There are 2 protein chains.
Amino acid sequence: MAHLTVSVEYAIHSLLWLVDAETAPLSSRDLADFQGVSPSYLAKIFPKLEKAGIVKASEGVRGGYELARAPEDINFLQIVDAIEGRKPLFDCQEIRGRCAAFGELPPTWATRGVCSVHAVMLRAEKAMRETLAGASLRDLTQAVSRKAPPEFANDVKAWLGERVLRRAGKSSSSARLSSHGEDLS
Amino acid sequence: MAHLTVSVEYAIHSLLWLVDAETAPLSSRDLADFQGVSPSYLAKIFPKLEKAGIVKASEGVRGGYELARAPEDINFLQIVDAIEGRKPLFDCQEIRGRCAAFGELPPTWATRGVCSVHAVMLRAEKAMRETLAGASLRDLTQAVSRKAPPEFANDVKAWLGERVLRRAGKSSSSARLSSHGEDLS
DNA sequence: CATAACACGGATAATATCACTCCGCGTTTG
DNA sequence: CAAACGCGGAGTGATATTATCCGTGTTATG
């Protein structure tokens, strides 16, 4: 049919963890490692969310991303458009005007208004976009927390919190590198 | 967002002319020339419509295509699926199971049922497909005939009818080649 | 002040898909 | 038999997707 890209999937899943992140900004690297996706690729996705005003960036060590507004004001359609750039579902080639039954150039009745085929596709696109616009980031977090046991939220905060702490300075407490699983032996 | 291909556009526009074609089967070549699209490309599209049971093929000179059933029983969704092969809108990577907060393998609650992100995309896809399923080829012909003047239907029949006649034998009557506009001079 | 980690942008590469062409096969009609 | 058809496979150029790597500038920590 068509395709919503993996980038959209990465973006939505990443934003999910940003919702309840009290541990100030989370870096794209933290989010990538936490979710098991490519850090270098996720790093290319976040600037698009920032330009769309979905996310706020802060630079320097301890920098990273936060939601730019409340999760109930961020919906799937905004995210999709931020990542994929508002590409239409259907790209009308205006075939109607090339009919050989018209001589040189088509009569005005043939090219006036929207092509009837195109009109159907526009309705389909609208239906899809309305569904996406009706799903907020808040809805998503609620769906997830209905599935997860209560202690899961703490596990997440623990993992991400340690990651943020480790960034600058106080590294050693439990002296594992962990990030790549590589051994020095 | 995504993309319905031009193949779908060519298919729908071609089927439109098949609806009122009394001049038995129309070849993909006739339809391509009539609409000003690539004949060799349109020829790759029709076998897909035939395998989907939308169109009936007949071989040999004077062969070509006819609708396999009434235009009210052919809808946009069937055509799209025939051409593009029922590709899903969203291809879930199951990111939820790769969360680093789970150790080795994710707990059952995390991977049971449909991913919450995926569920939204499935609803969006369903909304789009339902819109496409709600538009029949008959609806399309009615929309077009509301726009076109009454004599247009005759012009179409004249052009296509002459094309079919010219195929075998009785070529000469008004001795123009017309199909490519090439001159022998 | 040096280091490390961050955001950001540009360059590149591998793979896939799309739009399209060309060819050869078997079938049917004049 | 020739011409036109449907059909299938092979191949081409353009573009998009999913990455990777590197360089620049910024900021907190030791």
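Keep in mind that what you see is a predicted model, and the values were worked out from it rather than measured. Naming: A, B, ... by sequence-line order, numbering from 1 per chain.
Counting only heavy atoms from C-beta on, Glu59(B) has its side chain closest to dT28(C) among dA19(D), dC6(C), dT28(C). Closest contact between the side chain of Val61(A) and the listed nucleotides dA7(C), dA4(C), dT21(C) involves dA4(C). Checked against dC5(D), dA19(C), dT17(D), the side chain of Ser7(B) finds its nearest nucleotide in dA19(C). Between dC20(C), dC7(D), dC8(C), one nucleotide has an atom nearer to the side chain of Tyr10(B) than all others, and that is dC20(C). Here the side chain of Lys51(B) is nearest to one of dG8(D), dC7(D), dG6(D), namely dG8(D). In this structure, of dC20(C), dT18(D), dA7(C), it is dT18(D) that holds the atom nearest to the side chain of Val6(A). Closest to the side chain of Arg167(B), from the set dG6(D), dA19(C), dC5(D), is dC5(D). Counting only heavy atoms from C-beta on, Lys44(B) has its side chain closest to dG8(D) among dG8(D), dA7(C), dC5(D). Nearest to the side chain of Asp30(A), among dT18(D), dC6(C), dG8(D), sits dC6(C). When distances run from any side-chain atom of Thr5(B) to the nucleotides dT29(D), dT18(D), dC18(C), the shortest one goes to dC18(C).
Residue Lys147(B) places its NZ atom among more than 12 non-hydrogen atoms of other residues, nucleotides or ligands, all under 6.0 Å distant.
If you check every strand for non-hydrogen atoms under 4.0 Å, Ser40(B) touches a base.
Annotation: salt bridge (charged side-chain N to carboxylate O under 4.0 Å, His left out) contacts of Arg96(B) (sequence neighbours excluded): Glu94(B).
Between Ser38(B) and dT21(C) there is a side-chain polar atom (N or O) within less than 4.0 angstrom of OP1 or OP2.
A straight line from NZ of Lys56(A) to C1' of dT26(D) spans 18 Å, rounded to a whole angstrom.
The aromatic ring centroids of Trp109(A) and Phe102(A) lie less than 6.0 Å from each other.
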